[in-house]
There are 2 protein chains.
Amino acid sequence: MKAEVLTIGDELLRGEIVDSNKSFLSDRLLGLDIETRFHASVLDDPDDMKDAFLRAEGRSDVILVSGGLGPTRDDLTCEALAETFGREMLLDEASLETLRGFFRGLGREMAENNAKQAWFPAGSEILPNPIGTAPGCLLKEGNAWFFCMPGVPRELYKMMDEQVMPRLADRRGDGQVVRATLLRTFGIGESNLDEELADIAASGDVSLGFRTAFPDNYLRPLARAKTAEEAGRLLAQVSDAIRERLGPIVYAEGDETLPAVVARLLSEHGKSIAVAESCTGGLIAQELTELSSASSFFLGGVVAYTGASKVALLGISEGVIAEHGSVSEATARAMAEGVRERFGADFGLATTGVSGPDPVVDNGVERPVGLAYVALARESGTHCEEFQFPLDRPRHRQLTAHTAIDWVRRALLEVPIVGPSLLEKRGGGPPPAR
Amino acid sequence: MKAEVLTIGDELLRGEIVDSNKSFLSDRLLGLDIETRFHASVLDDPDDMKDAFLRAEGRSDVILVSGGLGPTRDDLTCEALAETFGREMLLDEASLETLRGFFRGLGREMAENNAKQAWFPAGSEILPNPIGTAPGCLLKEGNAWFFCMPGVPRELYKMMDEQVMPRLADRRGDGQVVRATLLRTFGIGESNLDEELADIAASGDVSLGFRTAFPDNYLRPLARAKTAEEAGRLLAQVSDAIRERLGPIVYAEGDETLPAVVARLLSEHGKSIAVAESCTGGLIAQELTELSSASSFFLGGVVAYTGASKVALLGISEGVIAEHGSVSEATARAMAEGVRERFGADFGLATTGVSGPDPVVDNGVERPVGLAYVALARESGTHCEEFQFPLDRPRHRQLTAHTAIDWVRRALLEVPIVGPSLLEKRGGGPPPAR
């Protein structure tokens, strides 16, 4: 099956927004082993749309259309599609009723122009939109299946996953059902992942996709079978095998981010955290407080950008900094312990390092760009490691922050606290602690 | 002139990356009053490219092509273009020499496959790439001008601005030269901007574009004239008129972000800053330390997410919090003054508020979602205001953080310290201070 994605809207062609719907849709298609051969965008202009629809009909089996389903005069996708293929526009009473109900639910009267959203090309199948006013539709023109979906990303994602994907899986012709999932990993490089999972990736009815989203790597296992149950069982099997192989490197399945996992675990365990950041400069605090549950586990943080502030705010003895320097294991440990005590938190998390672009002369010694220390203090003691992350400033900060956040997850899960192996580690550091 | 943008690369069609080159290029074209009618992406497949080139030749005057200029076997843009229009491929000796020099500059020998990047369709004009190995080219097929540029965003941006834009301006046919710039504003809503500048936007040889990039709004004045000098003079005139009308609401011209402007001003004035964040949770610290100059002006910060931490780390008296609550003007003032003193900084900046999704019961009083206090302490005194920002959690945090950062800019420029007028302000607060 050949696919193409067509997005519609003046705002796209004016460059006002970056169109991320296309990459989302192509990624999903790839999950079904369907190749996207073309991306195209056109204005809210019926003639341009018609050209695009005709061309798509001639060259593609699956056409995913997004945008132009709204209630305004500009929204012309359904009309243009009907005209292109000589279909009438018909009112779908059920959709109209759903629309009215949607507005009743909001305590508002439906505006007259919204009724337009209940009209579809004759012969099309309606794709419900439970979270918005624009239902989608599927129109089959011979081999070419046009799926029309809203442009609003949230609504598009849901319709793609719940309405479009199952229909495409059914259509695969081989009578096979496809099930896929997303496993999120932190702490291992893509080529290592690939090596580690080579045998799993190779088996017949299963395929394994990789995707880098720095500092994470995502795995997308996909299973094919004759029935949904069989495909589901196969997918569970391969997911389990991956999890067993990788252990705690897999931190979540689906959409949950690393900070969100840590937030959930902290809440579940009834534990609190405070952070002391030097090189990450507030990034850890920011990522944890971005979550709406933050006030239940996050007590606070200190961004100690100078030696003096480490002394004044974290109660680190001047001797430690004078002897070891601001960027040192001793200082990182003292920061983690100091912030834990100051805030009365269960976990004290600290970072210090050199994110660049220039090296730092610290206590008479030049500390190279890339150096990072992460320390985690808790009741049972403090764990600290030295890393060398040869990355640019933003990515150095990001990897250091996520290494630190990941340690809290590891501590709560009671698995070894180790840093990412995707990048060379400098020095020995203590052995992994439990 | 009708334009289209064509991006090339398997990674785009696999959904691995979100293609932001298209919106960048369309935005630039709009700056020249050239409408983009189509966006398209194809695989690294010569047949698909040829189809796309032929279709583009038939319907567009300007075709901006990005990608496929690299040294590998996959990079086929120039070959496919040559074949489509029956041109030979010719070696450009000057480009080959430049390429060799580029590698010599890196202290490396040029690999043989890089030589491929010096071959172009016969009759094309070379577009130099001073920051990468892939030169671009302009091939004119009758009315259709194909500009081939690299896919690497940094190289693409430079080539578009320095090589493509001037050639398009020259081609406009009306003998007119176009000059445009970008003015960045903070603190005023788009519709107010529009109203405020209605007369400026309306004049003949000048046009004014608006673009929202929350919490900022950008203005793109554009001037047309017979000569570059005249267009430049006209553009300076309109830019000056806008700046005079808006005053300090315009914070930068070009690419400088608000935190970067504040960082530059702090360095220029030899002043330092420390921050105390509650509702913004580290966002201000993070945005300031993201800049590589941070260590020259940023002393540190405290993220005080609990009342207790405000007392312990910022030295706020328990009485203030007991009497007024954590989310109050008195507490915001005490936070700003406390952090200024603790770090020995010239400026102490503080935020406290309710970013939601739930209201906070603080000291027996329910504080509504949206409430925010910003305070700036300096030698001459402390300025504090209360705001009500009816926004979701991420945007509430962002607007509060940028309001705070903007106040430091205003203080350094010695202009009135006022909050954003784009959103309703609750309560009176003190009159604007100088």
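In what follows, every chain begins at residue 1, and chains take the letters A, B, ... in the order their sequences are listed.
Using a 4.5 Å cut-off between heavy atoms, Ile17(A) touches chain B through its backbone atoms (N, CA, C, O) alone. Both the backbone and the side chain of Arg14(A) come within contact range of chain B, judged by heavy atoms closer than 4.5 Å. Only the backbone of Asp19(B) comes within less than 4.5 Å of a heavy atom in chain A; its side chain stays farther off. For Asn21(A), no part lies near chain B; criterion is any non-hydrogen pair under 4.5 Å. Both the backbone and the side chain of Arg37(B) come within less than 4.5 Å of a heavy atom in chain A. The part of Glu35(B) that comes within reach of chain A is its side chain, from C-beta onward, which places non-hydrogen atoms under 4.5 angstrom from that chain. If you measure heavy-atom distances from Arg397(A) to chain B, the contacts under 4.5 Å come from the side chain alone. Residue contact with chain B, scored on non-hydrogen atoms closer than 4.5 Å, involves the side chain of Arg59(A) exclusively. If you measure heavy-atom distances from Leu13(A) to chain B, the contacts under 4.5 Å come from both the backbone and the side chain.
Atoms OG1 and CD1, from Thr331(A) and Ile321(A) in turn, are 5.0 Å apart once rounded to the nearest 0.5 Å. Note: Gln286(A) CD to Thr280(A) OG1 = 11.5 Å, rounded to the nearest 0.5 Å. Between the CG atom of Leu43(A) and the CE atom of Met49(A) there is a distance of 8.5 Å, given to the nearest 0.5 Å.
Considering Ile405(B), Ile273(B), Val303(B) as possible partners of Ile284(B), the one that fulfils the side chain to side chain contact (heavy atoms under 4.5 Å, CB included) test is Ile405(B).
Between Leu156(B) and Val152(B) the shortest side-chain heavy-atom distance does not fall below 4.5 Å. Proximity of Leu314(A) to Val302(A): side-chain heavy atoms (C-beta onward) are separated by under 4.5 Å at one or more points. Side-chain atoms of Met335(A) and Glu277(A), non-hydrogen and from C-beta on, never get closer than 4.5 Å to each other. Looking only at side-chain heavy atoms (C-beta outward), Leu29(B) and Met160(B) come within less than 4.5 Å of each other. Phe53(B) places none of its side-chain heavy atoms less than 4.5 Å from the side chain of Asp51(B).
Comparing Asp27(B), Leu30(B), Leu313(B), Thr306(B) by heavy-atom pairs within less than 4.5 Å of chain A, the highest count is held by Leu313(B). Among Leu6(B), Asp45(B), Thr36(B), the residue with the largest count of heavy-atom pairs under 4.5 Å with chain A is Thr36(B). For the set Lys310(A), His39(A), Arg28(A), the entry with the most heavy-atom pairs within less than 4.5 Å of chain B is His39(A). The most heavy-atom pairs under 4.5 Å with chain A, out of Pro394(B), Ser309(B), Ser355(B), come from Ser309(B). Looking only at heavy-atom pairs under 4.5 Å with chain A, the residue among Val42(B), Val275(B), Val18(B) that has the most is Val18(B). Across Ser26(B), Gly301(B), Ala40(B), the residue that shares the most heavy-atom pairs under 4.5 angstrom with chain A is Gly301(B). Of the listed residues (Ser20(B), Ser23(B), Ala3(B), Gly282(B)), the greatest number of heavy-atom pairs within a distance under 4.5 Å of chain A belongs to Ser23(B). Options Lys22(A), Arg55(A), Glu4(A) differ in how many heavy-atom pairs under 4.5 Å they form with chain B, and the most are formed by Arg55(A).
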Quiz prompt | Arg367(B) and Asp362(B): CA distance, side-chain angles, deciding distance, salt bridge (charged side-chain N to carboxylate O under 4.0 Å, His left out) verdict | solution = CA-CA 7 Å; Arg367(B) 310 285 168 159; Asp362(B) 179 23; 3.7 Å; yes
Exercise. Step by step, work out the side-chain contact (heavy atoms from CB on, under 4.5 Å) result for Ile8(B) and Val65(B).
Key: CA-CA 8 Å; Ile8(B) 294 174; Val65(B) 182; 3.7 Å; yes
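Within residues 289-300 of chain A, the residues having any heavy atom less than 4.5 Å from a heavy atom of chain B are, in residue-number order, Thr289(A), Glu290(A), Leu291(A), Ser292(A), Ala294(A), Ser295(A), Phe298(A), Leu299(A), Gly300(A).
Relative to the six-membered ring of Phe347(B), Arg340(B) misses at least one condition, a distance below 6.0 Å or an angle of at most 45° to the axis.
Side-chain atoms of Thr400(B) and Thr351(B) include no donor-acceptor pair closer than 3.5 Å.
The local environment of NZ in Lys50(A) is crowded, with over 12 non-hydrogen atoms from other residues, nucleotides or ligands closer than 6.0 Å.
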